[in-house]
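These notes are about the structure you will find just below.
Note: hydrogens, waters and symmetry copies are ignored here, and every other heavy atom, side chains too, is used.
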Amino acid sequence: MTQDILEQIKRELTNGHAKRGHPFRYFTLATNNGKTSRLRTVVLRKMRSDFTLIVYTDLRSEKIKHINKNSAVNALFYNPKKLTQVTIEGHAKIITDSEKLKAYWTNIPEKSRKDYTAIKPPGTAIKNPDNVEYNFDNPNFCIIEIVPETIEYLQLKRPNHLRVLFKKNDGDFDGEFLVP
């Protein structure tokens, strides 16, 4: 039964990046630099068959600074209609390989490329949000790969909630039920 739930999680995550309105498209990513934790909403761009998640970001962002100090991350997904929550704990890898970046960059719509081309780094104080300057010839685009170690599933339902923890074991995920 746990493998059926794992397949359900895989379908939901796949739909998260494939279907614009799916609740798993946007998720909460937590990072920690050893002193402080930060949460932010990010966009699920892709999920590989091994559950590796792909996120795009600006190379100068705070999340990149955190990941450089501590690669451990958490991802939280929630579907309010199905009352399901998926939490993924893993490690983040920052992909800066020019060939990989180029392959992803060519698939980003022109209007969305602006998000990675601001001259000043994300989080820099400015006087007027209408006067942000961009350099389209020098993007600060990078990819974060989140490689999961554990996946936890929670289904809120009656008469009993359902909770399952999946741990990576030789590349596969083994599941066990938990008290909700």
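Listed here is the closest heavy atom pair of Pro129 and Val132: O-CG2, 3.6 Å. Looking at every heavy atom in both residues, His66 comes nearest to Thr36 through CE1-O, 3.5 Å. Counting all heavy atoms, side chain and backbone alike, Ile108 lies closest to Ser112 at CG2-CB, 3.7 Å.
When hydrophobic clusters are built by joining Ile, Leu, Val, Met, Phe, Trp and Tyr residues whose side-chain heavy atoms come closer than 4.5 Å, directly or via intermediates, Leu44 is not grouped with Val147. One hydrophobic cluster, built from ILVMFWY side chains closer than 4.5 Å, holds both Ile94 and Val42. The hydrophobic clustering, which links ILVMFWY residues whose side-chain heavy atoms are closer than 4.5 Å, places Leu156 and Ile5 apart. Ile143 and Leu29 end up in different hydrophobic clusters when Ile, Leu, Val, Met, Phe, Trp and Tyr side chains are linked at under 4.5 Å. Linking Ile, Leu, Val, Met, Phe, Trp and Tyr whenever their side-chain heavy atoms come within less than 4.5 Å puts Phe173 and Met1 in one cluster.
Using a cutoff of 4.0 Å between basic side-chain nitrogens and carboxylate oxygens, Arg48 and Glu145 are scored as salt-bridged. At a threshold of 4.0 Å, the pair Glu110-Arg113 counts as salt-bridged, since one of the basic side-chain nitrogens sits closer than that to a carboxylate oxygen.
Glu176 places a side-chain heavy atom less than 4.5 Å from the side chain of Lys167. Within the 4.5 Å cutoff, side-chain heavy atoms of Arg60 are placed close to those of Pro122. With contacts defined as side-chain heavy-atom distances shorter than 4.5 Å, the pair Leu162/Phe177 qualifies. Taking the side chain as every heavy atom from C-beta outward, Ile95 and Cys142 never approach each other to under 4.5 Å.
One finds the CD1 atom of Ile54 at 10.5 Å from the CE atom of Met47 (value rounded to the nearest 0.5 Å). Taking CZ from Phe27 and CG from Leu53, the interatomic distance works out to 5.5 Å, rounded to the nearest 0.5 Å. With rounding to the nearest 0.5 Å, the separation of OG in Ser61 from CD1 in Ile67 is 7.5 Å. Interatomic distance, Lys69 NZ to Ile64 CD1, rounded to the nearest 0.5 Å: 13.5 Å. Atoms CD and NE2, from Gln85 and His161 in turn, are 11.5 Å apart once rounded to the nearest 0.5 Å. Note: Thr14 OG1 to Lys19 NZ = 10.5 Å, rounded to the nearest 0.5 Å.
With hydrogens and angles disregarded, a donor-acceptor distance shorter than 3.5 Å links the side chain of Arg40 to the backbone of Arg38. Judged by distance alone, with hydrogens and angles left aside, the side-chain atoms of Asn107 form a donor-acceptor pair with the main-chain N or O of Ala103 at under 3.5 Å. At distances below 3.5 Å, not a single donor-acceptor pair connects side-chain atoms of Arg45 with backbone N or O atoms of Val55. Arg163 contributes no side-chain N or O that, together with a main-chain N or O of Leu154, makes up a donor-acceptor pair within less than 3.5 Å. Remark: side-chain polar atoms of Gln155 are not paired, donor with acceptor, to backbone N or O of Asn160 under 3.5 angstrom.
Of the listed residues (Asn33, Thr57, Asp58, Asn68), just one forms a side-chain hydrogen bond (donor to acceptor under 3.5 Å, both in side chains) with Lys63, and that residue is Thr57. A side chain to side chain contact (heavy atoms under 4.5 Å, CB included) with Phe166 is found for one member of Thr150, Asp172, Leu6 and no other, namely Leu6. For the side chain to side chain contact (heavy atoms under 4.5 Å, CB included) test with Glu152, the passing option among Ile88, Leu178, Val86 is Leu178; the others fail.
More than 12 heavy atoms of other residues, nucleotides or ligands shown are found within 6.0 angstrom of NZ on Lys168. Taking a 6.0 Å sphere around NZ of Lys46, one finds it holds 12 or fewer heavy atoms contributed by other residues, nucleotides or ligands.
Residue pairs meeting the side chain to side chain donor-acceptor pair (under 3.5 Å) criterion with at least one member in residues 118-128, sequence neighbours excluded, do not occur.
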request  = Go through the steps for Lys157 and Leu83 under the test side-chain contact (heavy atoms from CB on, under 4.5 Å), then give the verdict.
outcome  = CA-CA 8 Å; Lys157 64 180 192 170; Leu83 298 176; over 6 Å; no
query = What's the verdict on side-chain contact (heavy atoms from CB on, under 4.5 Å) for Thr28 and Asn74, showing C-alpha distance, side-chain angles and the deciding distance?
reply = CA-CA 8 Å; Thr28 302; Asn74 289 9; over 6 Å; no
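The aromatic rings of Trp105 and Phe141 sit tilted relative to each other, their planes meeting at an angle between 30° and 60°. By the 30° and 60° cut-offs, the orientation of the rings of Phe24 relative to Phe77 is tilted.
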